[in-house]
Undergrad: 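Provided herewith is a single structure, encoded as structure tokens, for subsequent inquiry.
Chain letters run A, B, ... following the sequence lines, proteins first and then strands; every chain starts at 1. Values below: every heavy atom of this structure, side chains too, minus hydrogens, waters and symmetry copies.
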There are 2 protein chains.
Amino acid sequence: MVTINDVAELAGLSKSTVSRVINHYPHVSQEKKQKVYQAMKTLGYVPNSSARSLRNKKTQMIAVIVPRLMNPFFGQLIESMEVAATEQGYQLLICQTMYSKETELGHLELLKMKQVDGMILASLENEWETISEYLTYGPLIMCNEFEEDANIPIVKLDQIHGGYIATKHLLEEGHRRIAYCSGGHKSMVAQHRKLGFKKALKEYGLEFEERYSFLDAYSIKDGMRVFHELNQMEEPPTAVFTGGDEVAAGLITAAKENGVRIPKDLSVIGFDNQVVTKIMDPKISTIEQPIQLMAQQAIKVLVEKIASKQDPQKERYEFPLKLIVRESTGRSPLRAVE
Amino acid sequence: MVTINDVAELAGLSKSTVSRVINHYPHVSQEKKQKVYQAMKTLGYVPNSSARSLRNKKTQMIAVIVPRLMNPFFGQLIESMEVAATEQGYQLLICQTMYSKETELGHLELLKMKQVDGMILASLENEWETISEYLTYGPLIMCNEFEEDANIPIVKLDQIHGGYIATKHLLEEGHRRIAYCSGGHKSMVAQHRKLGFKKALKEYGLEFEERYSFLDAYSIKDGMRVFHELNQMEEPPTAVFTGGDEVAAGLITAAKENGVRIPKDLSVIGFDNQVVTKIMDPKISTIEQPIQLMAQQAIKVLVEKIASKQDPQKERYEFPLKLIVRESTGRSPLRAVE
DNA sequence: CTGTTAGCGCGTTCAT
DNA sequence: ATGAACGCGCTAACAG
């Protein structure tokens, strides 16, 4: 392995000078600078990153914690983060919790080991009380998922408004019996979305009905299950707020297989505006989330925290959501006469 | 920051002993071992990973290069690799080239900087001639994408057979005018698939026809474009080999919008067995790829290379593909009378 | 079984 | 403007 010493020797200079050239120090004569560059080139020298990290106490690495990569939402998030991080001179280390508390804690150790300069939590398995202990070891921010009173920066989407506009759209189409699907119950994202749902109902003088509430709805398969459950209810809902495009896709697929017409018999609204919404038949109405903006902002905020070294602060950044009406939502069959 | 020295001091021992305990050395007395554990615990000590890497000349990190994360094929590949790597005590650093040669070279520098112990190439932007220069800096293997005569381990799928069975299925259904879609032309994966396609045609006494060949077909949008092109041909094909489920999905979506019935008027076969194949209407016939097995094998092989330190060798590992017949393929309309 | 010592490769005082 | 020397935190070789 070729080290800084080899370069210094070949250039006939000290390693201090070589180091200065590498790090673009101001006061080095052009002559020596050229000599160093020449030597570096002929030897094919590249600074050893471990040595640098040890010395600088900076690894130029950021970790992001997600439940799993293949979830399209997190996939997009990570893809954008990776690009943004690279632009800022950081490597992005992607950590999957696979929904396990232990695995999440394992990843948090990266901060202790100083393997990463900072960390972005895009999902949350453990209690904030547990996670907050890691704050001593380096900057930590949340992105997407959040904990209201955590004293760290949080970059998030306005989920309350998201739940609100999706529901309002269904209400405006005349629906009054609206099913509500949601995934994790601890998740603040899910809780806020539900708040928005309830807020819209309230504006129309309606109450949240437990019988129309479906839990653990994440995947296509879950969507299919939900359809079968609601299809055999006495007073089936005329619309479904799915909380996710995959769930909506599964629900629609099952509905079609059972002769239930979308949106004539049943309106379905997704969440995320994933690709699947555009290829399903009918195309799925949904809520668009500005994932890329959120990802870029998260990287930006974390990089600043790493540089500033100040104590964690309670900062909030919020991005708006947008309703996209396609073909899977329409007038309520019960109000068709109006 | 608490270091090994602090632990040694508190335990009243030398840092060598502490180091031995950390690394599970055999000959340490139970008594001192307990003292060390005690001290580590009260201080909350965790070894600094940069220092370890510098000393051991091992970072316990593996990089994998892919074009982009959101491509479902690579998403699955990476997800499986991450899990396999973690099991083996390695971190997986995911690098996106975004189809750029320069970006790919940038990522290869990680090997020079010794930031990773080894690297998996799952896609290839630069010529092998260029990439092979990095072989000096650490073990490099290919997974999925490949270069026939590279003298490194290659873990791949039997794409020739994949192209063959997909095409044979269409031929058996009576199709004789079969369109062929493909993405990158340099890609050996694509070339092998085409070989399989041609092999099947030949068995039926047919030639590859350029007029039925469509290039740059990757996405849903591309699939839509291909449909419109082939739909206005004088002698339109009765079946399409798409080379990707996304392309198939786009094609089917466009076909339905234009009143072309799948598979009655046109048979479409995908490639990958992605989730989308199960939610489209009709469900897409496709080729299943054992991505997880390939990912695990790749990690295993690379970890072995890292340990053995021997010169790069020409090893080949190949996994079989499987035909999955669903609803998007059927009898050729031209042969319906037979 | 345990402690002392010497670096790993780099950046950075502190002199000059 | 440049070089000598020290130390980041850790492991390994050598004594004992």
Side-chain angles (χ1 to χ4, degrees), chain A residues 1-37 39-40 43-61 109-117 137-138, chain B residues 1-37 39-40 43-61 89 109-117 137-138 309:
Chain A
M1 152 170 275
V2 32
T3 77
I4 199 173
N5 284 305
D6 303 323
V7 177
E9 198 170 330
L10 180 61
L13 296 164
S14 77
K15 59 178 186 172
S16 320
T17 306
V18 177
S19 175
R20 289 188 184 105
V21 173
I22 294 168
N23 297 291
H24 305 100
Y25 251 66
H27 301 298
V28 183
S29 72
Q30 282 302 322
E31 178 203 4
K32 319 241 166 186
K33 204 181 275 186
Q34 285 313 316
K35 272 190 176 175
V36 170
Y37 280 131
M40 292 206 309
L43 292 175
Y45 169 78
V46 173
N48 178 297
S49 81
S50 301
R52 273 199 150 161
S53 299
L54 177 59
R55 182 61 239 228
N56 297 336
K57 298 187 175 311
K58 286 260 148 59
T59 59
Q60 297 299 111
M61 291 224 298
E109 292 291 314
L110 291 173
L111 213 49
K112 265 196 194 167
M113 305 190 304
K114 299 290 173 200
Q115 191 164 108
V116 297
D117 297 337
Y137 306 110
Chain B
M1 153 170 275
V2 32
T3 77
I4 199 173
N5 283 304
D6 303 324
V7 177
E9 197 170 329
L10 181 61
L13 296 164
S14 76
K15 56 179 186 172
S16 326
T17 307
V18 177
S19 175
R20 289 187 185 104
V21 172
I22 294 169
N23 298 292
H24 306 102
Y25 249 67
H27 302 299
V28 183
S29 71
Q30 282 302 322
E31 179 203 3
K32 320 242 166 188
K33 203 182 276 187
Q34 286 312 317
K35 273 190 174 176
V36 170
Y37 280 131
M40 293 206 308
L43 291 175
Y45 169 77
V46 173
N48 178 298
S49 80
S50 302
R52 273 197 151 164
S53 299
L54 177 58
R55 182 60 235 227
N56 296 336
K57 298 188 175 310
K58 286 261 147 58
T59 59
Q60 296 301 110
M61 290 225 298
E109 292 291 314
L110 290 174
L111 213 49
K112 264 197 194 168
M113 305 189 304
K114 299 289 172 199
Q115 191 163 108
V116 298
D117 296 338
Y137 306 111
K309 279 278 182 192

Undergrad: Do B/Lys112 side-chain atoms and B/Gly138 backbone N/O form a donor-acceptor pair below 3.5 Å?
TA: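 No, the answer is negative, given that no donor and acceptor are paired below the 3.5 Å cut-off.
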
Undergrad: Between side-chain atoms of residues 25-32 of chain B and protein atoms elsewhere (two or more places apart, or another chain), which donor-acceptor pairs fall under 3.5 Å?
TA:
residue: B/Ser29; atom: OG; partner: B/Lys32; partner atom: N; Å: 3.4

Undergrad: Expected output is a numbered-order residue list: members of residues 26-35 of chain B with a heavy atom under 4.0 Å from any atom of DNA chain C. What is it?
TA: B/His27, B/Val28, B/Ser29, B/Lys32

Undergrad: What residues form a salt bridge (charged side-chain N to carboxylate O under 4.0 Å, His left out) with B/Glu9, not counting sequence neighbours?
TA: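 Counting only residues at least two positions away or on another chain, B/Glu9 forms no salt bridge (charged side-chain N to carboxylate O under 4.0 Å, His left out).
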
Undergrad: Is it the case that the side chain of B/Thr59 and the backbone of B/Gln115 share a donor-acceptor pair, with hydrogens and angles ignored and the cut-off at 3.5 Å?
TA: yes

Undergrad: How does each nucleotide of nucleotides 9-16 of chain D score, in 5' to 3' order, for protein heavy atoms under 4.0 Å: base (B), sugar-phosphate only (S), or none (-)?
TA: BBBBB---

Undergrad: Per the side chain to side chain contact (heavy atoms under 4.5 Å, CB included) rule, which among B/Val36, B/Val7, B/Val21 passes with B/Leu13?
TA: B/Val36

Undergrad: Among all residues two or more places apart in sequence or in another chain, which pass the side-chain contact (heavy atoms from CB on, under 4.5 Å) test with B/Lys58?
TA: B/Asn56, B/Gln60, B/Asp117, B/Ile306, B/Lys309

Undergrad: Side chain of B/Ser19, backbone of B/Lys15: donor and acceptor closer than 3.5 Å?
TA: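 Between the backbone of B/Lys15 and the side chain of B/Ser19 there is no qualifying donor-acceptor contact (under 3.5 Å).
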
Undergrad: I'd like to know whether NZ of B/Lys35 has more than 12 heavy-atom contacts from other residues, nucleotides or ligands below 6.0 angstrom.
TA: no

Undergrad: I need the A/Leu54 CG to B/Ser53 OG distance, nearest 0.5 Å.
TA: 9.5 Å

Undergrad: Give me the first and last nucleotide of DNA chain C, going 5' to 3', that has any atom under 4.0 Å from a heavy atom of chain B.
TA: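 Boundary nucleotides touching chain B, in 5' to 3' order, are C/dC1 to C/dG9.
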
Undergrad: How long is the span from the CG atom in B/Asn5 to the OH atom in B/Tyr45, to the nearest 0.5 Å?
TA: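 Separation between the atoms: 9.0 Å.
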
